[in-house]
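Scroll down for the structure; my scribbles are underneath it.
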Amino acid sequence: MSMTQPDSKTLVDIYQKMTLIKHSDDRVIGAMKAGRMVMPYYSARGQECIPSAISVQLTDEDYLVTIYRGVHDMLAKGLPPKLLWAELAGKVTGSCKGKGGPMHLTYPSKGCMVTTGVVGASMPIACGLGLAAQLRGESRVTVANFGDGASNIGAFHESLNLAAVWKLPVIFVCQNNRYAEHTAYSKGTSVERIADRAASYNMPGLHVDGNDPIAVYNAAKQAIARARAGEGPTLIEAVTFRFNGHLIGDAGEYIPKPEYERAVKDDPYPRYRNWLVENKHATAADLDAIDASIKQLIDEAEAFAMSSAAPDASEVKRDVYATEIA
Amino acid sequence: MSMTQPDSKTLVDIYQKMTLIKHSDDRVIGAMKAGRMVMPYYSARGQECIPSAISVQLTDEDYLVTIYRGVHDMLAKGLPPKLLWAELAGKVTGSCKGKGGPMHLTYPSKGCMVTTGVVGASMPIACGLGLAAQLRGESRVTVANFGDGASNIGAFHESLNLAAVWKLPVIFVCQNNRYAEHTAYSKGTSVERIADRAASYNMPGLHVDGNDPIAVYNAAKQAIARARAGEGPTLIEAVTFRFNGHLIGDAGEYIPKPEYERAVKDDPYPRYRNWLVENKHATAADLDAIDASIKQLIDEAEAFAMSSAAPDASEVKRDVYATEIA
Amino acid sequence: MSEVKNFGDTEASKAADVNLGDAPKKAAPVNMIQSLNWALHDAMEADANVIVFGEEIADPEGGGIVKISSGLSTKYGNRVRSTPISEMGFMGAAVGAAVVGFKPVVEIMLMNFVAVCMDQITNHAAKLRFMSGGQTHVPMVIRTMTGSGFQNGGQHSDFLEAWFCHTPGIKVVMPSNPADGYGLLRSAIDDEDPVLFIEHLNNYWTPGAAPERGKKIPLGKARIHRPGKDVTVIGYSRSMLDIPPVVEKLAKEGIDCEVIDLRTVQPMDMDTILTSVKKTGRAVIVHEACRSFGVGAELSSRIHEALFRELKAPVERVASEDCPVPYAPPLEAAYLYTHAELEASIRKTLA
Amino acid sequence: MSEVKNFGDTEASKAADVNLGDAPKKAAPVNMIQSLNWALHDAMEADANVIVFGEEIADPEGGGIVKISSGLSTKYGNRVRSTPISEMGFMGAAVGAAVVGFKPVVEIMLMNFVAVCMDQITNHAAKLRFMSGGQTHVPMVIRTMTGSGFQNGGQHSDFLEAWFCHTPGIKVVMPSNPADGYGLLRSAIDDEDPVLFIEHLNNYWTPGAAPERGKKIPLGKARIHRPGKDVTVIGYSRSMLDIPPVVEKLAKEGIDCEVIDLRTVQPMDMDTILTSVKKTGRAVIVHEACRSFGVGAELSSRIHEALFRELKAPVERVASEDCPVPYAPPLEAAYLYTHAELEASIRKTLA
Ligand SMILES: Cc1ncc(C[n+]2csc(CCOP(=O)(O)OP(=O)(O)O)c2C)c(N)n1
Ligand SMILES: Cc1ncc(C[n+]2csc(CCOP(=O)(O)OP(=O)(O)O)c2C)c(N)n1
Ligand SMILES: [Mg+2]
Ligand SMILES: [Mg+2]
């Protein structure tokens, strides 16, 4: 894979997205610990780099599909923090009016099309979004996110094959955080690199360090170019780690201590921040300013969520069908 | 793959199985055309070689799972022709008392465990049979048959991965007859060789000419040895052709004429017969004697089927649960 | 091979004058295959967002196993595709395309195969509108066929409409005759919600009045097939072939049945049903699916709930045995309700 | 993090004295997690053919998400396995192992995920005995859990028992309390047919009488939870937590309800139910699954069919709204039936 270095502006944009994701996540967990919010929440802390380095290359026209662990993907793609927070809080002002919650975040005007709670299900749907773009002759691409565990379910196989046979403009992004709930990678997955499974579909498979924004950026660049050129799908495996366990409340006993410690050392967020400053893509002050503006955004989002109203009970009759039920 | 030549006895045993399959099939179709039998029948004419060259290496203890197009697999494994014919004819003397029919042939005492009509479903079940043998410390192997089209369904992927992770003694045999119903191979399958998909599971994948008994014999030998040694599963792709379309009644318009003609030239049955005689593994007279004995077997099977009684209507209450329903 | 009973190869199929993809020369009776084929052609012509896919449905693959999609791929090219055998994959693809404004019509070759793609149908297609708070919706049609009587055995013959009726968010349509087939399929394709459209193998070759091209039949409305005053007999799909002869026989004895064809099973047209049963005071429900926990149960309980005091007899259910569909013809016959059972049930309400 | 409402991490879970894998020191109240864990331990001890698998169920993975299988893999090694995320694959593996004499107990982590492996359950496990003419059978148990009230949203909360009740060949068991959980799970594992064993998240942490180790409760038998003479109230699973307080409230007014816990939903114990309703002349059915086409429909129609002349009022159904399970707590509450609705339904039968 040929590596190009994005310009400083792009690098800082990636940082900005990563910061938004990280701060939002820290704050959600804080609100949960303080008892201000209650929900099943799947933190993506540690995986910020992947959607950030991909989404800086996407437009609002491009489609995104993700999973329960998808807040980072959604924020990077443009889901407004206020609407996210209100949705997490189950408020009527949330993007899904409080009906979906963290596992079903949706915001079509930024291309955030579907979030699924069923492992594997994002991929077939992505094929349909890709098909839509192909039939309409549009250059949109569809990014389908999923986990390492999901690469073992049937929907993965069917989707990659279908996308390959139909040459669909879909990018399958496996965010390999080495665990599926509490199951270590090799207990569920028979192959060393998920990217190698692309060969079963005569499709490029790119294996990258998911904590390296430049590597992810380049893999995505290549896949996006291929998809926009009508050459078909790509599988990207981005290796990473999630620091807050499967679900908030997970104490992580199943993760060997040395592995966890190595992951902390590899944490992309502080490393990337330092790298940007060291390599003069931004000054510490620039980044501080970004941090501050994001802090404010999250403050607003939390305040908005907390002060918003809960949905009315009558909502159970609405959105089941186009016509309200009796 | 190292090739060994089986001894003449084995080669003739293979011929005998192939003859049994071919004659039975010819006669079933004859009975259907003559209006003596009515059913949805999926002929495996042309694919005789695959189960014959595999099953000569199996014992009654080994398990077999197959699909609607599986009469050849069942006969090669030992399903008695009488019980087969009576089942096809929907008689109470059939192996499944007339309740299963051609798509659900079963005969556990010869290891014929399950026949499924749902594409792909044979493979997960085979994993369970393999798991049983593994847990009991038995050396039995399980052979799971399926078609080329089935290699695109999720169950294929999940099963191969599971078998690999658990090192199950299962042999996945893809009988690639180049069509899935009326769909040509490349319209459904994104990879040139299905055997290459084995790499996704860190499993050996063997691609062989399914019309060459020696090639199939050797691939199976290797896979069986591996399974019996506890080393895990193997994927075998045996390329072949089916001459009577998907289902009897299929006129085959979707098959290009030159392809069909080439397949006729490659028909394993007459070629193998000639080869056996030319290479002095048997005389023409030996083979004629086999043919005659098999003709008699089928005569008996047909007579048995025709003269047997239909199941009684009360059978709908039986075998739903262990206890008869009220 | 006329002796081989098979899809598309029955005496009935030869009797009917199938005229795929073209307008009929005269309003001669047509069969369901013809009328559904017209509906697909007309819908694709009327709306460029209609796309069609499924196994074997393009013309090089034969235009569908009973040729319902014949001619579509030749005319509409890339909008019509045969798929790999990947129901989960292509059902999800339909969901995705529908979410951004296409109107996919996907075929599940036989109804039992919904079992390999239930997740996309019940967890996604049916729920995305609700879970997204109305931001997205899934205007797609799933066409499928099923039915006993073809010796297809336990994995190829089931009627599973009750599973989907119990899944809020999806509609279930089950036509019984060619004209309804046309009009209901057109409406299903237009509908803003996912619709499961279930066809019956036994009904494909039965000739019936030709549909008026372009005439849509609203979903959710039952049809009074025969007015009557003594007993309400409610059917849909295949049972609408069995009810009329029994009812006509009883008519000769002066038993005057009102026959209702549900057409849409979810949502059910309770107005029409309750109006009728209020009048007759008696009801019999007939379906091919096995009896227990079937559609008949819901209908029966709704009628009892609404008209308990008006009912002159308990509501009767006529349905198949609670067993898998067997292979041998005498067992297939024993599985399905008989005309005699139907007749007895109607008489029982009058006893 | 006591403020985080989550599986295994509620106030109730802390209150109960869970004692995984070991015999209780005294017959103190235990919860369902404890009793099911005992049942699995005792079954594995009693029969070497019992094997257990599913996602996360071995001890290195935590012994199951609420720890029901805790200790099993440590004690029974290879007979207990965490699986890849491949429900179709491992469900089929259970079918295969059962066909040759193992008694697999497989866990589907949450009930909605049956949608990715319906084929192995409904087309294979449920039908192989019949389709093979009795040559093979499939003695396996599918354990799964579900239920609203945890903000798990539309894809993690559904009760889908009606789908399986409508699938001949499989049994459906839904315990409501720890002692029943133990005894029914033991019988389900012993059973020669496939059994779907559905657990309710809300019932896991409710303390109840400890089961007697080794005591099995036969499948297909309902339990009279409270004898009474005025109205029969029929529940199962979670609704058995809601019925008693409402019934006790009414008892103070002199309304004497007979409460029946179905325990096995398919086959249903019609003897017990009809005997009770014959006596009371009134019946109310309560379940968490959405109302339409649910188990309540079958039960209601059977009662009407059998006791039409004896009934003093139409059978009432109390169930959830016909919509996907929503996320926000007030909507989850609006989805589920309320105690007030249940009370009103009981009163209605007496009006
Ligand atoms: C079909 C299905 N099976 C099981 C689950 C329960 N489950 C939720 S997340 C998860 C692990 C997924 O792991 P992975 O794909 O690696 O994604 P990650 O959570 O690590 O991001 C499981 C088993 C589910 N949601 N869907
Ligand atoms: C899940 C499922 N989808 C569709 C079908 C209908 N069907 C029956 S056979 C078949 C083609 C299978 O082709 P292949 O796997 O190549 O096997 P072959 O028939 O060629 O032996 C299809 C699509 C089915 N039985 N099951
Ligand atoms: Mg993971
Ligand atoms: Mg094939």
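Chain letters run A, B, ... following the sequence lines, proteins first and then strands; every chain starts at 1. Worth knowing before you read on, the calculation uses all heavy atoms, side chains too, and leaves out hydrogens, waters and symmetry mates.
Here B:T116 is the residue among B:T116, B:V114, B:V92 with the most heavy-atom pairs under 4.5 Å with chain D. For the options B:S122, B:P124, B:S159, heavy-atom pairs under 4.5 Å to chain D are most numerous at B:P124. Taking D:P194, D:C117, D:G89 one by one and counting their heavy-atom pairs under 4.5 Å with chain B, the maximum is reached by D:G89. Most heavy-atom pairs under 4.5 Å with chain D: of the set B:V65, B:I125, B:V118, this distinction falls to B:I125. Each of D:Q120, D:M91, D:K171 has some count of heavy-atom pairs under 4.5 Å with chain B, and the biggest count is that of D:Q120. Put simply, of B:L160, B:I325, B:L135, the one with the most heavy-atom pairs under 4.5 Å next to chain D is B:L135.
Looking at D:I51, the atoms closer than 4.5 Å to chain B (heavy atoms on both sides) all sit in the side chain, from C-beta outward. In this structure, no portion of B:T142 lies under 4.5 Å from any heavy atom of chain D. In this structure, the portion of D:H124 lying under 4.5 Å from any heavy atom of chain B is its side chain and not its backbone. For D:K127, no part sits under 4.5 Å from any heavy atom of chain B, backbone or side chain. In this structure, the portions of B:Y107 lying under 4.5 Å from any heavy atom of chain D include both its backbone and its side chain. Only the side chain of D:N49 has a heavy atom closer than 4.5 Å to any heavy atom of chain B.
B:Q134 contributes atom CD, which lies 6.0 Å from atom CG of D:N78 (distance to the nearest 0.5 angstrom). Here the straight-line distance linking atom CD1 of B:I153 with atom CG of D:D119 works out to 8.0 Å at 0.5 Å rounding. Atom-to-atom distance recorded for B:H157:NE2 and D:S86:OG is 7.0 Å, nearest 0.5 angstrom. Note that CG of D:L219 and OH of B:Y321 are 11.0 Å apart. Values are rounded to the nearest 0.5 Å. The structure places CZ of D:F130 at 11.0 Å from NZ of B:K317, a figure rounded to the nearest 0.5 Å.
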May I have the step-by-step check of side-chain contact (heavy atoms from CB on, under 4.5 Å) for B:T106 and D:M131, ending in yes or no?
CA-CA 9 Å; B:T106 309; D:M131 297 192 307; over 6 Å; no

Decide yes or no on side-chain contact (heavy atoms from CB on, under 4.5 Å) for D:F102 and B:R136, but give the supporting numbers first.
CA-CA 10 Å; D:F102 277 98; B:R136 292 188 173 130; 3.4 Å; yes

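The shortest non-hydrogen separation linking D:V100 to B:A132 is CG2-CB, 3.4 Å. Residues D:A93 and B:L162 approach most closely at CB-CD2, 4.1 Å, considering heavy atoms. Across all their heavy atoms, B:A155 and D:M88 have their closest contact at CB-CG, 4.2 Å. Contact detail for D:E87 and B:E158: the closest heavy-atom pair is N-OE1, 3.6 Å. Here the closest non-hydrogen pair linking D:G133 and B:D319 is C-OD2, 3.4 Å. The shortest non-hydrogen separation linking D:G96 to B:L129 is O-CD2, 3.3 Å.
The six-membered or imidazole ring of D:F53 lies near that of B:W166, with a centre-to-centre distance under 6.0 Å.
Taking 4.5 Å as the limit, some side-chain heavy atom of D:Q135 sits within range of a side-chain heavy atom of B:C96.
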